[in-house]
Every structure is written in structure tokens, then in C-alpha cells.
Amino acid sequence: MSSLPHPALPDQRLFTGVARLAARHEGRFAPETVQRLLADSYALLAADAQVHTHLVVLAERLTAERLEALAKIEGAPGAAHPRVLFVCSHNAGRSQMAAALLMHRTGGDVRVSSAGTEPTTVVDPHVVQALTEVGADVSAAYPKPLTDEVVQAADIVITMGCGDACPVVPGRRYLDWPVPDPEGAPIAVVREIRDVIDAHITELLTQLDV
């Protein structure tokens with residue numbers, strides 16, 4: 001049986017990312033699988049992008065996260081850390097704050113992801129400011145779409161205002177945190193929302209095996 005053809009890449013610079021990711025996952029994922037996923041990640045991000053300057057870099061980062069999720073699904077060695085996924089509508093406020101705060105408080109002991117059912121183009125500036133004030137690193141944060149493999153790999157999926165748009169995967173634990181949307185809110189309100197989310201994080205940590 002012939003293999004599926006490699007999908008076309010819309011930017012030649014993506015081939016460097018394919019080589020890098022294929023080398024990282026050599027023996028687990030074939031180069032054509034990596035290329036197909038990278039082409040899809042690029043298309044997902046480009047669909048809503050207003051500026052395409054950084055799409056190549058962001059597509060590679062999104063593909064790396066998706067490949068790590070696939071490795072977890074397939075039971076790869078070293079993938080035993082608990083995985084928590086935060087989902088909101090735009091992945092620009094609540095889910096970004098929750099992900100950054102959990103990563104800040106656990107280091108590498110928990111694999112943390114965030115995504116949006118209808119991602120926007122940039123993280124809310126007041127959200128970035130509120131997180132930076134407490135030492136949470138958001139320098140690499142960017143809104144990204146929700147993908148099936150990231151949901152399937154998660155041990156806990158926490159929804160934050162996305163309603164029924166988040167797919168339900170059997171065997172996963174689902175929590176819903178009713179947190180106000182910081183979009184358009186003044187920085188003082190965003191700080192209050194940050195602290196509410198951090199209180200939820202404190203409770204979550206008592207339930208995680210870390």
C-alpha cells in the first residue's frame with residue numbers, strides 16, 4: 001500500500017520545522033506525519049491571523065505541542081506527568097491566566113496547555129500585565145485553537161466560559177470554573193480575576209499527584 005503524499009507547505013521555511021520536529025520524534029512519528037500536522041497547524045493559525053509575520057514560528061510551536069500530546073496518547077516513555085488543559089472561548093484571557101499560573105506554581109511537574117474554541121489573535125495586554133506582576137512568564141503565550149489530540153491527551157480539562165463547544169472525551173475529568181471574562185476590563189478588575197483563578201489553582205493542586 002502506498003503512503004499518503006506529503007502535504008504541501010505554504011511557506012518554505014516550514015521545512016526546517018519539519019526536520020527539527022521529525023528528529024525530535026525519530027522512531028515514533030514519520031516525517032510525513034510531522035509535515036501533515038505542521039501544515040494543518042499553520043492553516044489553523046492562518047485562518048484568523050491578521051499579521052502573518054510570526055506564523056511559521058507559532059505553527060512549529062503548536063505542532064510540537066500536538067506531537068507531545070499524541071505521544072502521551074500512545075503511551076510514550078516520560079509522558080507520565082499529569083496533563084491539564086484550560087479552555088475558554090478566545091484563549092486570550094481566562095485560560096491563558098490559568099495556564100500561566102499553574103505552570104508558575106508547578107514548574108515542569110505538570111504539563112499545561114490552553115486553547116480557545118474561537119481563538120483571537122493576541123493575548124489581552126491587561127492579562128499579560130497582571131500575570132507579569134506575580135512573576136508568571138507569558139513571553140511565549142499566544143492564542144491557539146483547540147485540537148483533538150490535546151483534548152485526548154489531557155487528564156483534566158477545565159472549561160472557563162466556552163459552554164458546550166469543548167468536545168467531551170470519555171475517561172477525562174472535566175471541571176468548569178465560572179470565572180468572569182477579563183476582556184475589556186480595567187487592570188484592577190483583571191487583577192481580581194487573576195486572584196480568583198489562582199484560588200482555583202490552589203484547590204486544584206491539592207488534587208494533583210505532583
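In what follows, every heavy atom counts, from backbone to side chain, and hydrogens, waters and symmetry copies are set aside. One-based numbering along the sequence shown.
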### Task
Decide yes or no on side-chain contact (heavy atoms from CB on, under 4.5 Å) for V122 and Y142, but give the supporting numbers first.
CA-CA 6 Å; V122 294; Y142 66 102; over 6 Å; no
Compare all side-chain heavy atoms of [X] with those of [Y] and state whether any distance is below 4.5 angstrom.
X    : Y    : result
L101 : V134 : yes
K72  : E68  : no
F86  : L102 : yes
I156 : R172 : no
L55  : D11  : no
M160 : I197 : yes
F15  : Q35  : yes
D137 : H104 : no

### Polar side-chain atom of T33 near backbone of F29 as donor-acceptor pair, under 3.5 Å
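Side chain of T33 to backbone of F29, a donor-acceptor pair under 3.5 Å: no, none is there.
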### Query
Does T117 reach the main-chain N or O of H90 with its side chain, forming a donor-acceptor pair under 3.5 Å?
no
Is it true that [X] and [Y] make a salt bridge, defined as a side-chain N closer than 4.0 Å to a carboxylate O?
X    : Y    : result
R191 : D198 : no
E133 : R194 : yes
D155 : R111 : no

### Task
Please name the residue in the list D176, V87, L204 that meets the side chain to side chain contact (heavy atoms under 4.5 Å, CB included) test with I158.
L204
### Task
Might you work through the side-chain contact (heavy atoms from CB on, under 4.5 Å) test for N91 and T120, ending with a clear yes or no?
CA-CA 7 Å; N91 195 217; T120 186; over 6 Å; no
[atom2] on [Y] to [atom1] on [X], rounded to 0.5 Å:
X    : Y    : atom1 : atom2 : result
R36  : T63  : CZ    : OG1   : 12.5 Å
L131 : S139 : CG    : OG    : 11.5 Å
L44  : T147 : CG    : OG1   : 8.0 Å
L146 : S95  : CG    : OG    : 10.0 Å
Q152 : I73  : CD    : CD1   : 4.5 Å
L37  : H25  : CG    : NE2   : 9.5 Å

What's the shortest heavy-atom distance between [X] and [Y], and which atoms?
X    : Y    : answer
A100 : A136 : O-CB, 4.1 Å
E60  : G17  : OE1-CA, 3.5 Å
V123 : V127 : CG1-CG1, 4.1 Å
L85  : V150 : CD1-CG1, 3.8 Å
P182 : D124 : O-OD2, 4.1 Å
E65  : S114 : OE2-N, 4.5 Å

### Query
Are side-chain N/O atoms of S89 and R94 paired as donor and acceptor at under 3.5 Å?
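No donor-acceptor contact under 3.5 Å links the two side chains.
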### Task
Please say whether more than 12 non-hydrogen atoms of neighbouring residues, nucleotides or ligands are located less than 6.0 Å from CD in E183.
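Not buried by this count: 12 neighbours or fewer within 6.0 Å.
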### Message
Checking V110 against H81 for the side-chain contact (heavy atoms from CB on, under 4.5 Å) test, could you report, in this order, the C-alpha distance in whole Å, the side-chain angles of both residues, the deciding distance, and whether it holds?
### Response
CA-CA 6 Å; V110 178; H81 290 290; over 6 Å; no
### Task
Let me see the working for V138 and T132 under side-chain contact (heavy atoms from CB on, under 4.5 Å), right down to the final yes or no.
CA-CA 7 Å; V138 288; T132 302; 4.0 Å; yes
### Query
Side-chain heavy atoms under 4.5 angstrom apart, residues restricted to Ile, Leu, Val, Met, Phe, Trp, Tyr: same cluster for L9 and V57?
no
### Task
Over 60° means perpendicular and under 30° means parallel, so classify the ring planes of W177 and H200, tilted if in between.
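The arrangement is parallel - the two ring planes meet at less than 30°.
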